[in-house]
A.B. asks: 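This structure is in structure tokens; I'll ask about it shortly.
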Protein chains: 2
Amino acid sequence: MAEPSSGHKPSSSGQPSAPSGYPYHAPPSSYGYSSPYTWGAGGGGAAGCYFPPGTAPEIIHSFQAVDRDRSGFIDEYELQAALSSGYQRFSLRTIRLLMFLFQNPNNPSKMGPAEFSALWNCIGQWRGIFDRFDRDRSGKIDSMELREALLSLGYAVPPSVIQVLISNYADGKTGKGALNFDNFVECGMIVKGLTEKFKEKDTRYAGSATLTYDTFMSMVIPFIVP
Amino acid sequence: MAEPSSGHKPSSSGQPSAPSGYPYHAPPSSYGYSSPYTWGAGGGGAAGCYFPPGTAPEIIHSFQAVDRDRSGFIDEYELQAALSSGYQRFSLRTIRLLMFLFQNPNNPSKMGPAEFSALWNCIGQWRGIFDRFDRDRSGKIDSMELREALLSLGYAVPPSVIQVLISNYADGKTGKGALNFDNFVECGMIVKGLTEKFKEKDTRYAGSATLTYDTFMSMVIPFIVP
């Protein structure tokens, strides 16, 4: 991966503009999950659970259908059920990753309306990208298509990493790796989450970061869940 | 974590001596997995499968009992069966991690006698440490005991990382994290593997390393297996 030829200052939006070929690009504006907390439900009480203005009715409906006790928060099983109504039944592993990546820092074990809305929209965007790269409509994408799909999300992942990622989903018949949408969301969220963590430490936006052992372990271990 | 007060040169054994309180210590000599390849089975042919001199008969027997086609290599299911004879039936997730961490770079998808022998001895050592810290003989260790056990293996893992590690194994009744031996091997191998990867990049043995994005992703992704 080429190093940037000169320093890049963050733009006024807080999102630095990246030179082409840079490992991580400014994501599309509809993509971010860094801002849902401005609309968050606050410290975790039942009161004050707001959806962002303009939230699509189907998102509100899907959330409320599973939040039976009207607490304003859902757990991982409820999230699995809620996403099933709009998308599909994701594996619990993917659901846990989504809970972790879209968590409200004030209430990490539960998901409120703002986080759910951000997640729903993100998955909608990823569904569009998956369908775009699943050119033969097989319901699966291969390693080349995964790389292109991640690039279009702003992540320039080295081919060796793509190979490791996709080898976990090898087809029993052909031995070739291929991802269905659940797998794609899982892989993509791992890449997204690790990249965001790395970017936080790459304060100069230089494509590299100096990490202590403790920082490295703290960044990585949460992604390794059984 | 305290930084070392002065530079430390690697000792003649290739293993640097570490100041106390340093994040990773020189492991006990019986522990390493970096050297089995000196006794490795070579490029992967059926000929030339040697156990290191002095290998305990039970290790040879356990290996040969599952290597039914006498190829000199075993796959993950055979490894699971082989370890069952001496220890217990480990989860396939733990087995995959063991295959990855003890792999022969020349034949990463299979395990030969040298790697198996190193792995068997390592698990034996870890069994001893587990039993030492499982003071009430409950068959489980808690977060404090995990931290002490990892310390005794040479890994000074931050308490926050220990919490994340152990939270994945929360007891349904008490809500408190506790690890059985399978979980302990899984957690410990993740810590061991990530630490070894980090140490490779911390060439000055300074407790920190500068990583490019590509390097970071390549180091971490192999540990995140479904």
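Order of the sequence lines fixes the chain letters, A, B, ..., with proteins taken first and strands second; residue numbering starts at 1 for each chain. The structure presented is a predicted model; accordingly, all values stated were derived computationally and were not measured.
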A.B. asks: Check whether more than 12 heavy atoms from other residues, nucleotides or ligands sit under 6.0 Å from atom CZ of R137(B), and answer yes or no.
C.D. replies: yes

A.B. asks: Side chains of I224(B) and L194(A): does their closest heavy-atom pair fall under 4.5 Å?
C.D. replies: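 I224(B) vs L194(A): side chains touch.
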
A.B. asks: Working to the nearest 0.5 Å, report the span between CD1 of I221(A) and CG of L165(B).
C.D. replies: 4.5 Å

A.B. asks: Could you look at S218(A) and say if it's the side chain, the backbone, both or neither that has a heavy atom under 4.5 Å from chain B?
C.D. replies: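 For S218(A), the contact with chain B is made by backbone and side chain together.
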
A.B. asks: Taking side-chain contact (heavy atoms from CB on, under 4.5 Å) as the definition, give me every residue that meets it alongside F100(A), ordered by chain and number, with sequence neighbours left out.
C.D. replies: Q103(A), P222(A), F223(A)

A.B. asks: Quiz question: by atom type and distance under 3.5 Å, do the side chains of Y213(A) and T195(B) form a donor-acceptor pair?
C.D. replies: yes

A.B. asks: What is the minimum heavy-atom distance between F216(A) and V220(B), and which atoms define it?
C.D. replies: CE1-CG2, 4.0 Å

A.B. asks: Highest number of heavy-atom pairs under 4.5 Å with chain A: which of V191(B), V161(B), T94(B)?
C.D. replies: V161(B)

A.B. asks: Return the set of residues passing salt bridge (Lys or Arg N to Asp or Glu O under 4.0 Å) with E200(B) (not counting sequence neighbours), or none when no residue passes.
C.D. replies: none

A.B. asks: Name the residue from D214(B), T210(B), T215(B), L211(B) that meets the side chain to side chain contact (heavy atoms under 4.5 Å, CB included) definition with S208(A).
C.D. replies: T210(B)

